[in-house]
Amino acid sequence: MIRAGLAATAVLLLGGCATSSLVLLPDDEGRQGSVAVLEVAGQPTGAVIASGNSRTALGDRTPVAKPLGGKGLKKQEAALLTGLPPPARSFLLYFEQGTVTLTPQSVAVLNALKAEIAVRSGPEVEVIGHTDTIGSGEDNDGLSMRRAGEVMNWLASQGLDRSIMSAVGRGERELKEPTADNVASAANRRAEVIVR
Amino acid sequence: MLRLPLGLGLIALLAAAPAEAEIARIKQSSGTASIERSSQRLKASPGLQLLAGDKLVTGKDGRISLSFIDNTRFAVGPNSRISVSQFQYDRTRQKGTFVTQVDRGSLAVVSGKIAKSGPDAMKVRTPNTLLGVRGTKFIVDVPK
């Protein structure tokens, strides 16, 4: 009897302090996603937690999402959200026909790009080069990579370490403005630079 | 002759690619915060590149924030032990799989392109539950 009582107390204590929880929030654009509970204790379940601004104790096969209500987030939860890195930011640079020369407007964007990288802690830069449909697909693969490389070279000339940068060329595969083959398009002659 | 520029471009591309498959970078850390990679223990300094399989470990005053190459963002709280047990991402197709295991501690997540790429392409495992992430922001807390 005493043993059974102790065991029951131990189970209660374990249950009391070891309950995992999920807080579900809307994303930065205000959209509400969901989280599915796929398995509990190795057994498949089909529950989906979809109510935003809610807290759910995990471990139950039929989880109940409770509204955060007036109390809102716990202090440590709020601190965790404050610690999230800033979202990735994307820049578009445009090129003159058939060249790796930036348009005059895009030269001005370079300084904003450099400033964005400078304010980030542990930055990473991904450059994706593109072309329009003038010329062969093979030539455009080369041109798109040289465009991406040109952006990396400029950033390196500004003192950025090449180990934080990577570049790819996608040729004429991902047109911003859909066109037939062999059509000049200023919108398609571009490089996208993603700063994380 | 026509092939030459493409060949040079490919060489330039290979040279620009990181030597190992980088999946994320540490953005900030404070207190006792480290990355465990097989038998190594690395200081979680800003700019450190993560590889699939790495463990994020913090002490009672420790915090780590990081961004993944699919734009997923993590903030790891104190007293945590969290593994990125699986991470595969095809940058061109923007598809992949991502499994994170929270053994203990707290983790805030803003999901990225992998979570959008398919149903339950991103999963989070706690000691008793397996979660499928469907594009959102959330916090998982696993007390000791």
Side-chain angles (χ1 to χ4, degrees), chain A residues 17-28 31-41 48 52 58-59 73 76-77 79-88 120-124 126 128 136 138-139 141-146 148-149 152 162-170 194 196, chain B residues 2-3 5-10 12-13 16-18 22 25-28 45-49 63-69 71 73-78 91-92 102 106-108 110-112 115 119-120 123-124 126-144:
Chain A
C17 66
T19 305
S20 306
S21 66
L22 171 82
V23 172
L24 187 64
L25 300 161
D27 70 16
D28 295 339
R31 284 185 300 256
Q32 186 57 59
S34 60
V35 170
V37 181
L38 303 175
E39 279 176 23
V40 173
V48 176
L58 297 175
L73 291 169
Q76 61 267 35
E77 292 167 343
L80 212 51
L81 294 181
T82 307
L84 281 165
R120 293 196 175 225
S121 174
E124 186 222 335
E126 182 183 348
I128 307 154
S136 74
E138 195 174 79
D139 284 355
D141 280 344
L143 177 58
S144 66
M145 281 190 268
R146 288 198 301 279
M152 287 218 308
R162 284 184 184 269
S163 71
I164 72 161
M165 299 185 261
S166 63
V168 289
R170 299 230 175 113
I194 302 168
R196 294 189 189 90
Chain B
L2 269 176
R3 295 201 164 211
L6 176 62
L8 287 173
L10 279 173
L13 178 67
E22 170 184 357
R25 268 178 207 245
I26 304 293
K27 297 296 170 183
Q28 282 184 317
S45 312
L48 180 72
Q49 300 181 24
R63 291 184 179 277
I64 307 175
S65 70
L66 54 154
S67 292
F68 289 81
I69 57 170
N71 293 345
R73 291 176 282 145
F74 273 15
V76 177
R91 284 190 192 229
T92 308
V102 183
S106 53
L107 173 69
V110 180
S111 64
D120 308 323
K123 291 179 184 143
V124 175
T126 73
N128 64 6
T129 308
L130 179 64
L131 303 169
V133 179
R134 301 179 178 172
T136 193
K137 179 152 103 176
F138 61 94
I139 298 170
V140 171
D141 186 43
V142 178
K144 255 188 197 176

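Below, read A as the first sequence line, B as the second, and so on, with proteins coming before strands; counting in each chain starts at 1.
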Interface moiety of [X] toward chain B, non-hydrogen atoms closer than 4.5 Å:
X         : value
Pro87(A)  : both
Ile164(A) : both
Ala79(A)  : both
Arg170(A) : side chain

Report which part of [X] has an atom under 4.5 Å of a heavy atom belonging to chain A: side chain, backbone, both, or neither.
X         : value
Leu48(B)  : neither
Ser111(B) : neither
Thr126(B) : side chain
Ile26(B)  : backbone
Val76(B)  : backbone

Under a 4.5 Å cut-off applied to non-hydrogen side-chain atoms, are [X] and [Y] in contact?
X         : Y         : result
Phe138(B) : Leu22(A)  : yes
Arg91(B)  : Ile128(A) : no
Ile69(B)  : Glu124(A) : yes
Thr136(B) : Val35(A)  : yes

Max heavy-atom pair count under 4.5 Å with chain B, selected residue of [options]:
options                        : answer
Ala88(A), Gly52(A), Pro86(A)   : Pro86(A)
Leu58(A), Val37(A), Leu81(A)   : Leu58(A)
Thr82(A), Leu84(A), Val40(A)   : Leu84(A)
Leu73(A), Leu25(A), Asp27(A)   : Leu25(A)
Ser163(A), Gly122(A), Ala36(A) : Ala36(A)
Ser34(A), Gly149(A), Pro26(A)  : Ser34(A)

_Among the listed options Asn71(B), Val140(B), Val133(B), the residue most often paired with chain A at heavy-atom distances under 4.5 Å_ =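 Top count of heavy-atom pairs under 4.5 Å with chain A: Asn71(B).
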*Please lay out, stage by stage, how Val48(A) and Arg134(B) fare under the test side chain to side chain contact (heavy atoms under 4.5 Å, CB included).*
CA-CA 10 Å; Val48(A) 176; Arg134(B) 301 179 178 172; 3.8 Å; yes
*asked:* If you count every heavy atom of other residues, nucleotides or ligands that lies below 6.0 Å from Lys137(B) atom NZ, does the total exceed 12?
replied: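 Yes, the 6.0 Å shell around NZ holds more than 12 heavy atoms from other groups.
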Ignoring hydrogens and angles, tell me if any N or O in the side chain of [X] forms a donor-acceptor pair with the backbone of [Y] under 3.5 Å.
X         : Y        : result
Ser121(A) : Lys27(B) : yes
Arg73(B)  : Pro85(A) : yes
Ser106(B) : Glu77(A) : no

*asked:* Run the side chain to side chain contact (heavy atoms under 4.5 Å, CB included) test on Glu39(A) and Thr129(B) for me, step by step, so that the C-alpha distance in whole Å, both residues' side-chain angles and the decisive distance to 0.1 Å come before the verdict.
replied: CA-CA 6 Å; Glu39(A) 279 176 23; Thr129(B) 308; over 6 Å; no
